[in-house]
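So the structure is just underneath, and the comments pick up after that.
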There are 2 protein chains.
Amino acid sequence: MKNNKDLPAEEHSGPLMADVARLAGVAISTVSRALANPGRVNEKTRVKIDAAAKQLGYTPNAMARGLRVGKSNVVMIILPGSLYYGVSQVIPLVLQGINRSLSQNGYHLMIANLDRDEASERHILDLAFGGTVRGAIILSSDLPVDGGRSLKDSALPIVSLLFDMSHAALPSVVTNDRQAVREATAELLALGHRRFLYLAGPQGNYHDNERYLGAVEALAAAGLPETAIVRSGGSLDYQHGFQIGVAAATEFADLILKPTAVIATSDDMAISFMSCVQRMGWKIPTDLSIVSFDGAPVCEYSLPPLSTIEQPVEEMGQMAVNLLMERIDAPDKVTAQRHVIESKLIRRESFGPAPSNV
Amino acid sequence: MKNNKDLPAEEHSGPLMADVARLAGVAISTVSRALANPGRVNEKTRVKIDAAAKQLGYTPNAMARGLRVGKSNVVMIILPGSLYYGVSQVIPLVLQGINRSLSQNGYHLMIANLDRDEASERHILDLAFGGTVRGAIILSSDLPVDGGRSLKDSALPIVSLLFDMSHAALPSVVTNDRQAVREATAELLALGHRRFLYLAGPQGNYHDNERYLGAVEALAAAGLPETAIVRSGGSLDYQHGFQIGVAAATEFADLILKPTAVIATSDDMAISFMSCVQRMGWKIPTDLSIVSFDGAPVCEYSLPPLSTIEQPVEEMGQMAVNLLMERIDAPDKVTAQRHVIESKLIRRESFGPAPSNV
DNA sequence: TTGTAAGCGTTATCAC
DNA sequence: GTGATAACGCTTACAA
């Protein structure tokens with residue numbers, strides 16, 4: 001109604017580069033240059049243009065630029081399907097670390113998905129192949145595939161965070177899951193523990209595998225058989241890690257020969273497990289020591305405070321962004337594939353000597 | 001190097017609509033129609049085109065479409081600056097609810113910020129005025145402003161989530177903070193509690209204000225003066241809600257006349273507070289009842305399980321998306337401004353009768 | 001140093 | 001029902 005021409009413009013209506021050019025009395029290309037390469041334009045005209053732009057409240061249209069230069073300034077993060085397993089407590093921290101680094105590099109962060117159903121996979125691939133995003137960070141999960149397309153066929157720079165995908169030629173930022181658990185287990189062994197309960201995540205999961213192996217290796221090094229550790233959980237049916245802990249507590253209660261130490265694959269399950277067994281009457285750490293993985297801030301305030309292996313997720317997120325930037329800047333340059341940032345055990349009161357009456 | 005023409009195309013290289021057209025032996029405009037309005041093209045050609053598109057693995061370029069139609073299919077969420085206050089535990093749930101709804105409507109979710117410093121505000125406004133996003137959901141915070149520009153000057157459809165911003169003509173999805181706290185406080189009064197401690201968030205914060213007033217109103221209704229409630233916390237210096245709880249525990253320990261019930265503005269602070277006072281020797285709920293706000297899943301597994309007022313954040317997120325979609329579809333239609341979705345108190349064991357020896 | 005003009009990959013208008 | 005063609009707002013050779 002406002003225009004007699006019925007062009008799609010109607011909507012957005014903000015000032016255009018052409019408006020700035022007109023107001024400043026220069027050509028549109030000069031405005032473009034002044035804004036992008038302030039150095040390559042006469043100081044006086046630059047000032048004039050800046051003033052005009054400011055006066056009009058001009059903001060360049062990102063899609064037009066993106067189309068022209070064939071690049072976007074958006075990076076997507078691909079999240080694992082079940083939000084509540086494993087990484088759940090740390091997701092805000094991860095997003096924070098990543099987004100902050102991206103911002104500093106002039107990029108925006110798009111969440112590609114929160115589920116991993118078929119629709120989401122297609123969604124993700126549309127973003128990749130449709131030129132919407134410039135790169136991807138894939139968090140603790142596998143590469144999305146849909147019909148014929150797979151993310152790895154796109155030319156998109158991709159970095160894997162938390163999963164080691166270096167075998168698939170993806171630069172990966174991981175932590176030393178296995179070693180950290182091995183060391184934590186060794187500490188428990190040194191405290192006299194000889195029977196363990198392991199709270200597992202979904203079977204076959206990278207983290208679960210690594211962490212479990214860490215425990216087993218520590219046992220082996222101490223001359224103990226793998227049977228010294230009882231595995232619990234691991235079903236994919238559980239939405240929340242919390243529920244795994246609850247189920248595991250029941251399992252624990254039924255064991256004839258009680259373990260004296262529990263190693264949990266994630267904080268969620270450790271927290272609910274600890275809560276349940278204490279309500280059943282066991283004392284922590286007198287009867288039972290507990291250690292878990294993730295380093296969620298809330299662990300410090302459970303009763304007793306929960307020992308956890310803290311992953312420096314914020315730092316890992318930044319590292320992932322740095323790698324991605326390198327990839328974007330030099331797509332062909334071959335870089336080191338696997339970057340390990342060490343997690344460290346935070347010993348708190350859930351961690352003590354084995355009961356003497358074992 | 002691969003091309004003799006040095007056009008910016010180099011990068012993306014995927015198949016174009018023109019390629020599909022060539023392979024299908026039709027004009028490019030027919031392809032466009034076939035893909036967007038399958039009904040308005042002959043069935044046989046449609047099949048031919050679909051086949052060609054599939055064979056080439058064609059994905060339309062979102063930026064080109066966006067530029068042409070003057071709309072993007074991206075919605076941004078603006079998060080509050082300090083991630084750890086209040087909404088922290090709930091952010092993954094909020095994102096989940098929002099992203100799922102957006103996906104169903106064919107939109108993508110972009111995170112606008114995780115800090116709220118000057119750079120972020122500018123960032124946000126660039127997204128808004130640069131045509132990158134089609135709408136915004138602002139979570140529990142105020143409208144971003146930078147230099148001359150303010151988000152409210154953009155023509156962008158905006159919905160406020162958790163904050164009531166209906167006074168600023170923003171459709172708002174909120175919960176009944178005040179009423180829910182009033183009712184919870186009334187229950188505590190019915191249990192014989194007469195002296196309260198309130199753990200506050202940043203002074204002047206919308207939620208803090210509402211929730212505190214809810215407590216005060218309940219006291220008034222019971223004929224108690226406002227002095228029956230001691231306010232603690234409220235400093236903006238604390239990054240984590242957890243730290244507010246820790247500080248408040250010290251404060252509590254120093255009070256001559258001990259409150260018998262604690263009302264916390266967020267789960268974070270209740271969890272750390274409860275942990276600290278128990279370690280100092282108080283029994284919960286024997287000596288002290290605690291209730292908090294947010295409904296973080298972890299509350300169920302604290303010791304004792306923490307009573308909390310649960311906000312249906314996932315539902316609220318969906319509602320916000322629905323309102324946003326309405327705004328996008330009919331920007332001029334005046335709609336109801338304020339939508340309340342009720343929180344409900346989940347009574348758990350942290351909640352009991354006042355000690356008899358008061 | 002600045003202006004002219006072509007073109008990024010779509011969609012929409014118009015003829016046919 | 002389908003095909004030419006002009007735009008969307010910007011960047012970048014190239015010419016001046």
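Not measured: the values here are computed from a predicted model. Throughout, a chain's letter reflects where its sequence line sits, starting with A, and its residues are numbered from 1.
Of all the residues in residues 20-33 of chain A, Ser29(A), Ser32(A) reach under 4.0 Å from DNA chain D with at least one non-hydrogen atom. Annotation: proximity of residues 34-43 of chain A to DNA chain D (heavy atom, distance under 4.0 Å) is found for no residue.
Regarding Leu67(A), its CG atom lies at a distance of 8 Å from the C1' atom of dT10(C), rounded to whole Å. Regarding Lys44(A), its NZ atom lies at a distance of 10 Å from the P atom of dT2(C), rounded to whole Å. For the pair Lys48(B) NZ and dG1(D) P, the computed distance is 15 Å after rounding to whole Å. Between Arg65(B) atom CZ and dA7(D) atom C1' the separation is 17 Å, expressed in whole Å. If you measure from atom NZ of Lys71(B) to atom C1' of dC8(D), you get 12 Å, rounded to the nearest angstrom. Separating the CG atom of Asp19(B) from the P atom of dT10(C) is a distance of 9 Å, rounded to the nearest angstrom. In this structure, the OH atom of Tyr58(B) is 10 Å from the P atom of dG9(C), given to the nearest Å. Rounded to a whole Å, the CE atom of Met63(A) is 10 Å from the P atom of dG9(D).
One N or O on the side chain of Ser101(A) and one on the backbone of Gly97(A) form a donor-acceptor pair closer than 3.5 Å. Asn61(B) contributes a side-chain N or O that, together with a main-chain N or O of Ala64(B), makes up a donor-acceptor pair within less than 3.5 Å.
Remark: Arg327(A) CZ is packed, more than 12 non-hydrogen atoms of other residues, nucleotides or ligands lying under 6.0 Å away. More than 12 non-hydrogen atoms from other residues, nucleotides or ligands lie less than 6.0 angstrom from CZ of Arg46(B).
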| side chain to side chain contact (heavy atoms under 4.5 Å, CB included) assessment of Leu127(A) paired with His108(B) | CA-CA 9 Å; Leu127(A) 287 172; His108(B) 299 289; 3.4 Å; yes
| Between Asp164(B) and Ser172(B), is a side chain to side chain contact (heavy atoms under 4.5 Å, CB included) present by the stated rule, with each step listed? | CA-CA 5 Å; Asp164(B) 181 5; Ser172(B) 304; 3.8 Å; yes
| CA sep, side-chain torsions, deciding dist, call: Leu67(B), Met63(B), side chain to side chain contact (heavy atoms under 4.5 Å, CB included) | CA-CA 6 Å; Leu67(B) 175 58; Met63(B) 289 196 299; over 6 Å; no
| request: Could you give me the CA-CA distance, side-chain angles and deciding distance for Tyr107(B) and Ile328(B), then say whether side chain to side chain contact (heavy atoms under 4.5 Å, CB included) is met? | output: CA-CA 12 Å; Tyr107(B) 285 84; Ile328(B) 286 175; 3.7 Å; yes
Exercise answer: donor-acceptor pairs, residues 143-163 of chain B side-chain atoms, under 3.5 Å, sequence neighbours excluded:
residue: Arg149(B); atom: NH1; partner: Thr59(A); partner atom: OG1; Å: 2.8
residue: Arg149(B); atom: NH1; partner: Asp126(B); partner atom: OD1; Å: 3.2
residue: Arg149(B); atom: NH2; partner: Asp126(B); partner atom: OD1; Å: 3.1
residue: Ser150(B); atom: OG; partner: Lys152(B); partner atom: N; Å: 3.2
residue: Ser154(B); atom: OG; partner: Leu151(B); partner atom: O; Å: 2.9
residue: Ser154(B); atom: OG; partner: Leu156(B); partner atom: N; Å: 3.2
residue: Ser160(B); atom: OG; partner: Phe163(B); partner atom: O; Å: 2.8

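Applying the salt bridge (Lys or Arg N to Asp or Glu O under 4.0 Å) test to Arg100(B) and every residue at least two apart in sequence or in another chain returns Asp115(A), Glu314(B). Here Leu35(B) pairs with Met17(B), Val31(B), Ile49(B), Asp50(B), Tyr58(B) under the side-chain contact (heavy atoms from CB on, under 4.5 Å) rule; sequence neighbours left out.
The terminal axes of the helix from dT1(C)-dA16(D) to dC16(C)-dG1(D), fitted over 5 pairs per end, subtend an angle of 40° to the nearest 10°.
Residues Ala64(B) and Arg46(B) each lie close to DNA chain D; by heavy-atom proximity, the contact nearer the 5' end of the strand is made by Arg46(B).
Taking the side chain of Arg68(B) as heavy atoms from C-beta on, and the options dT2(D), dG9(C), dC10(D), the nearest nucleotide is dG9(C).
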